[in-house]
Amino acid sequence: MSLDQLMAWVPAGSAEAELARQIHPDRLPRHVAIIMDGNGRWAGERHLPRVEGHRAGIDAVRDVVETSARLGLEVLTLYAFSVENWKRPIAEVSTLMLLLKRYLRAELATLLTNNIRFNVIGRSNELAPDVLEELGAAEHKTSRNTGMLFNIALNYGGRTEILDAARRAIASGIRPEALDEQTFSEFLYTKNQPDPDLLIRTSGEMRVSNFLLWQIAYAEIYVTETFWPDFRCRHLLEAILAYQKRDRRYGGIPPATVGAGAGGRGL
Ligand code: IPE
Ligand code: IPE
Ligand code: MG
């Protein structure tokens, strides 16, 4: 898929079309990761129970997944349930799991039409058998797709992932001297995937909440005040445009100052 596919999808003359027109197709992030936050506050503002916010959040997931695939992103990772989220009331956790199952059943056809490969990251073995079955079916049915990889982070924790990777590395019998950043990353849940270039968090919180701790080492961070249930194609395009204006240095100096000596700009 490509920017053209997105242009064909958004209404001509819309705000989305104008934003899409400004995107540089050759400087797209390869991997976008999103902390979908603010469902509870969205519901609270409307005097609704928190679970109504989760229900409304499904529409945002649908829109963002399709936008990302059409745009031509290689990987989209959505943080759906953290290892810490088990602290929530049992009724809220059960509704989240139920919504996930319903989403997968309802959206499988769209995932297939858009050539999207679905993949779960996290300690999925700790999930209930009915949820696991639904997840496994979606992974299996989309496994031959060659377009965007859609990771859903479920029962996910960044520290847990690093611990699991360390355990797998030890169990593999790898010699300690052979372990470097590249080989270690092959033991992570995101093996063979590019690291996120852009990390988006909705609802204004300035924290990473244990998400992809290893992989976001050099991700550009974008926080929007928009609550997740209100997040749509337009907001994703705004985030990507902001990303395209960033100066990624990876610890170096801006290209314009290379060779400029002590008199150059910058520190
Ligand atoms: C994000 O919204 C959804 C999950 C964590 C599953 P929240 O439920 O955290 O909403 P707020 O942050 O309480 O508004
Ligand atoms: C992060 O949101 C987890 C997910 C989006 C799944 P939380 O709402 O759980 O994070 P905190 O508690 O505000 O850090
Ligand atoms: Mg939250």
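Counting starts at 1 for both ligands and their atoms, following the listed order.
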Mind listing the closest non-hydrogen atom pair of Pro196 and Leu212 along with its distance? CG-CD1, 3.8 Å
Nearest heavy-atom neighbours spanning Pro11 and Ala17: O-CB, 3.6 Å
Which is closest to atom 13 (O) of ligand 1 by heavy-atom distance: Arg50, His54, Glu45, Glu84? Arg50
So which of Ala80, Ser203, Ser82 gets nearest to atom 6 (C) of ligand 1, if we judge by its closest heavy atom? Ala80
Would you say Met36 touches ligand 2, if touching means a heavy atom closer than 4.0 Å? yes
Indicate whether atom 10 (O) of ligand 2 is within a distance of less than 4.0 angstrom of some protein heavy atom. yes
Check for a donor-acceptor pair, side chain of [X] on one end and backbone N or O of [Y] on the other, with a separation under 3.5 Å.
X	Y	answer
Arg201	Arg207	yes
Asp197	His31	yes
Thr224	Thr202	no

Hey, does Trp42 come in under 3.5 Å of ligand 1, counting only N/O atoms on both sides? no
Say whether Gly40, considering both its backbone and side-chain N or O atoms, lies within less than 3.5 Å of an N or O atom on ligand 1. yes
Establish, from distance only, whether the side-chain atoms of Arg123 and Thr160 form a donor-acceptor pair under 3.5 Å. no
What I want to check is whether the side chains of Tyr189 and Asp164 have a donor and an acceptor closer together than 3.5 Å. yes
What are the atoms of ligand 2, with element, lying closer than 4.0 Å to any heavy atom of Arg207? 11 (P), 13 (O), 14 (O)
Phe81 heavy atoms, cut-off 4.0 Å: which ligand 2 atoms fall inside? 6 (C)
Please work out whether any backbone atom (N, CA, C, O) or any side-chain heavy atom from C-beta onward of [X] is under 4.0 Å from ligand 2, and answer side chain, backbone, both or neither.
X	value
Ala153	neither
Arg41	neither
Phe211	neither
Lys87	neither

Do [X] and [Y] have side chains that get closer than 4.5 Å, going by heavy atoms?
X	Y	value
Pro229	Asp59	no
Leu71	Leu237	yes
Val65	Leu78	yes

Which residue and non-hydrogen atom of the protein lie closest to [atom], and at what distance in Å?
atom	result
atom 7 (P) of ligand 2	Arg88 NH2, 3.8 Å
atom 14 (O) of ligand 2	Ser209 OG, 2.6 Å
atom 2 (O) of ligand 2	Arg201 NH2, 3.8 Å

Consider every N or O of Glu205 and every N or O of ligand 2, then say whether any pair is closer than 3.5 Å. no
Polar contacts were defined as any N/O atom of the residue lying under 3.5 Å from an N/O atom of the ligand; does this apply to Tyr79 and ligand 2? no
Under 2.8 Å from the Mg ion (ligand 3), is there any N, O or S atom belonging to Glu205? no
State which residue, out of Lys101, Lys141, Arg105, fulfils the salt bridge (Lys or Arg N to Asp or Glu O under 4.0 Å) condition with Glu134. Arg105
